[in-house]
Q: 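Have a look at this one.
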Amino acid sequence: MSTTHYPAAPRRGAIAIVHLGLGAFHRAHQAIYLERYRQRSGDDAWGVSSANLRGNVGLVDGLAAAGHRYHVAEYTDSENVALREIGVVEETLFSGRGADGHWGRDLEALLARMAAPETRIVTLTVTEKGYFLNPASGELLLDDPMIAFDIAHSAAPRSAPGILVEALARRRAQGSAPFTVLCCDNMPDNGQRTRNAVLQLAERRDTGLAEWIAAEVAFPSSMVDRIVPAMTDADFARLAELGVEDPQAVICEAFSQWVIEDDFPQGRPAWEAEGVEMVADVAPFETMKLRLLNGSHSLLAYLGALAGIETVFEAVSREDLRALLRRYMLDEAAPTLAMPEGTDLAAYADSLLVRFANDSLRHRLQQIAMDGSQKLPQRWLQGALARIEAGGRVPCTALGLAAWIRYTAGHDLNGQAYPVDDPLASRFAELHQRHANDPGRLVAAFLAMDDVVPPALAGNSDFVLAVSNAYRRLTEQHLAGALAALERS
Ligand code: NAI
Ligand code: CS2
């Protein structure tokens with residue numbers, strides 16, 4: 001094992017960035033760019049206050065107890081790892097629901113930090129569902145209990161959009177310039193979608209505030225890419241063998257990419273020297289990554305989970321699944337992309353298969369499978385509709401959608417049960433119960449969910465037939481049979 005150590009910068013810095021969503025990806029992606037920037041430039045002005053609005057408070061308090069230092073192990077492969085100590089997170093806060101049932105332990109501290117003029121950027125990784133947007137239309141879910149609460153209690157918000165609105169309201173009231181809002185979640189046009197959520201919520205509070213936000217606040221989009229699996233006990237054991245006993249540690253691949261629209265009126269770190277790509281329009285990069293990488297991930301997740309396969313590495317070890325990914329990426333996704341001249345999508349697709357085959361990451365398919373209702377519109381469905389409207393066929397996507405529908409039943413093809421982790425899970429359970437003996441009606445009912453499936457796609461009879469036939473083959477012939485049938489199509 002070759003291990004390279006990178007200790008954290010010795011000094012502490014001023015806080016100019018607030019992050020919402022203190023998860024694994026934030027710790028292994030944005031925070032590393034900022035740590036490397038601080039160490040290279042000596043610029044101490046861009047420290048981070050990072051908050052969790054959900055989940056347990058353990059990570060927040062664990063980091064505080066550890067002096068806000070943690071480790072990231074970047075694995076090139078199972079024999080080569082870079083071990084980084086990160087110190088750029090200066091503060092951790094929790095505004096979620098505590099074990100005692102009370103919300104907002106550190107909410108006031110979080111809002112004060114965001115309202116402080118020294119805070120110039122707010123970044124987010126709160127998962128696709130954390131914006132409370134209709135996955136298909138991008139409209140704010142005004143009837144969601146969390147959003148309804150924030151409309152009624154605007155000064156004590158619980159959602160990410162609510163917290164952004166209240167913090168911006170305080171900035172406006174005190175006469176301060178706003179901060180820039182930088183979304184780092186896997187959504188298309190993620191800056192605009194975040195802006196939509198914030199404006200729709202602000203309008204229900206004060207049209208003057210909404211107009212001010214619309215005129216004054218920048219919401220640049222970004223494409224983020226680094227495979228950062230949720231930690232397992234085996235991962236912590238591996239780190240212990242390297243001498244790292246750190247409950248807040250994270251493991252990830254060596255690859256990392258960040259492409260950001262350069263729109264920061266209040267200033268930003270000079271990220272470029274750390275390899276961050278600052279561009280005028282991130283959309284082509286974002287769409288390419290979401291449809292090729294994330295679309296392939298979701299194919300593996302649902303088809304693999306139904307066959308009882310546990311990790312990405314195990315799934316891509318199967319030639320039939322690798323062949324499916326290549327066909328999906330090159331025949332169905334790539335033709336829908338408008339990339340800059342000279343972009344080699346075949347090489348990009350091959351590079352993804354190499355990354356997926358990283359034998360040092362235990363990236364669980366069940367983690368990727370979660371929140372499918374929030375992910376599949378941008379990963380498969382918008383691209384499938386574009387491909388069909390251009391006269392193409394999408395048999396791989398149809399098989400993937402059939403696998404997702406079957407996955408939401410909550411047990412695999414061998415009868416092994418698992419929890420379905422999705423904001424719409426109760427709706428799925430009801431549909432499976434109602435159409436338990438009629439697969440055709442079940443598929444039609446899922447395709448009729450217009451908050452997930454674009455109606456124009458659900459109305460395409462060839463696509464509906466392809467999904468129904470794929471569903472039947474999966475349930476009758478299992479994974480190998482369904483893939484073999486696809487191969488012949
Ligand atoms: P994680 O499970 O470690 O963290 C999830 C974070 O989202 C936690 O901070 C949690 O408190 C927060 N959260 C969940 N639901 C929320 C809600 N309704 N409101 C507010 N906060 C909420 O997951 P991880 O790995 O950090 O991924 C988070 C997001 O980062 C992903 O959903 C994706 O958008 C993005 N991302 C993740 C990558 C990865 O490989 N893990 C790579 C690229 C992007
Ligand atoms: C994965 C992503 O969990 C998932 O949905 O597809 O988190 C994936 O690991 C990242 O987007 C890679 O950049």
Side-chain angles (χ1 to χ4, degrees), residues 19-31 50-60 63 72 92-97 103 110 123-133 141 144-147 149-150 157-164 183-188 190 193-194 197 222-231 248-253 255-259 285-286 288-302 304-305 311-312 315 351-352 355-356 358 361 363-376 378-380 404 421-423:
H19 182 79
L20 305 183
L22 173 57
F25 182 61
H26 165 64
R27 283 175 282 148
H29 183 267
Q30 301 100 55
S50 196
N52 258 339
L53 320 182
R54 290 291 179 288
N56 64 46
V57 69
L59 174 60
V60 169
L63 272 175
V72 180
T92 50
L93 300 170
F94 183 70
S95 71
R97 186 173 185 273
W103 281 79
L110 174 59
T123 54
L124 299 96
T125 52
V126 292
T127 77
E128 296 88 339
K129 60 182 176 293
Y131 300 84
F132 297 92
L133 294 170
L141 298 172
D144 185 284
M146 192 60 64
I147 296 299
F149 179 92
D150 283 3
R158 296 176 173 176
S159 73
I163 286 170
L164 287 169
C183 177
C184 298
D185 275 299
N186 275 330
M187 296 187 300
N190 53 12
R193 287 171 75 98
T194 306
S222 77
M223 184 274 263
V224 291
D225 187 3
R226 173 166 254 187
I227 294 174
V228 184
M231 290 291 281
Q248 283 78 234
V250 188
I251 277 179
C252 61
E253 64 173 333
F255 178 89
S256 188
Q257 186 177 17
W258 200 4
V259 185
F285 301 91
E286 206 171 41
M288 175 186 74
K289 190 259 181 176
L290 284 168
R291 290 183 185 174
L292 267 66
L293 188 156
N294 296 111
S296 295
H297 254 185
S298 293
L299 282 174
L300 293 178
Y302 300 116
T311 67
V312 169
S351 73
L352 294 178
R355 290 172 59 193
F356 292 168
N358 185 332
L361 301 181
H363 199 175
R364 294 173 46 253
L365 296 181
Q366 289 288 356
Q367 177 184 359
I368 299 169
M370 69 181 280
D371 293 348
S373 66
Q374 313 296 306
K375 297 178 176 179
L376 298 185
Q378 56 266 24
R379 296 183 177 200
W380 293 345
W404 174 65
D421 189 351
D422 191 296

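Note that ligands are numbered from 1 as they come in the structure, with each ligand's atoms numbered from 1 the same way. We count residues from 1, following the sequence as given.
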Q: Can you sort out which atoms of ligand 2 are near K375, meaning under 4.0 Å from one of its heavy atoms?
A: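 Atoms satisfying the 4.0 Å criterion: 3 (O), 4 (C), 5 (O).
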Q: Starting from atom 6 (O) of ligand 2, find the nearest protein heavy-atom neighbour and note its residue, name and distance.
A: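 Here the closest protein heavy atom is H297 ND1, 2.8 Å.
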Q: Please write down residue, atom name and distance for the protein heavy atom closest to atom 7 (O) of ligand 2.
A: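 I find the closest protein heavy atom is N186 ND2, 4.0 Å.
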Q: Using distance alone, determine whether D225 and ligand 2 share an N or O pair under 3.5 Å.
A: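 Yes, since at least one N or O of D225 sits under 3.5 Å from an N or O of ligand 2.
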Q: Could you see which bit of N52 sits under 4.0 Å from ligand 1, with heavy atoms only: side chain, backbone, both or neither?
A: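 For N52, only side-chain atoms sit under 4.0 Å from ligand 1.
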Q: Would you please indicate if the ring centroids of H297 and F356 are separated by under 6.0 Å?
A: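 So the answer is yes for these two rings.
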Q: If you have a sec, work out which protein heavy atom is nearest atom 4 (O) of ligand 1 and how many Å separate them, to one decimal?
A: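 So the nearest neighbour among protein heavy atoms is G23 CA, 3.5 Å.
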Q: Please work out whether any backbone atom (N, CA, C, O) or any side-chain heavy atom from C-beta onward of A160 is under 4.0 Å from ligand 1, and answer side chain, backbone, both or neither.
A: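 Answer for A160: neither.
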Q: Which of the listed options, H29, M231, R54, holds the heavy atom that is closest to atom 19 (N) of ligand 1?
A: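 That would be R54.
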Q: Counting only non-hydrogen atoms of the protein, does one fall under 4.0 Å from atom 7 (O) of ligand 1?
A: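 It does: a protein heavy atom is found less than 4.0 Å away from atom 7 (O) of ligand 1.
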Q: So is there a nitrogen or oxygen of H363 less than 3.5 Å from a nitrogen or oxygen in ligand 1?
A: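 Checking ligand 1 against H363, no N or O pair falls under 3.5 Å apart.
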Q: At a 4.0 Å threshold, what atoms of ligand 2 neighbour a non-hydrogen atom of H363?
A: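 Taking each heavy atom of H363 in turn, ligand 2 has 9 (O) under 4.0 Å.
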Q: Should the pair W404 and Y302 be assigned to parallel (<30°), tilted (30 to 60°) or perpendicular (>60°) ring geometry?
A: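 Judged by the thresholds at 30° and 60°, the geometry between W404 and Y302 is perpendicular.
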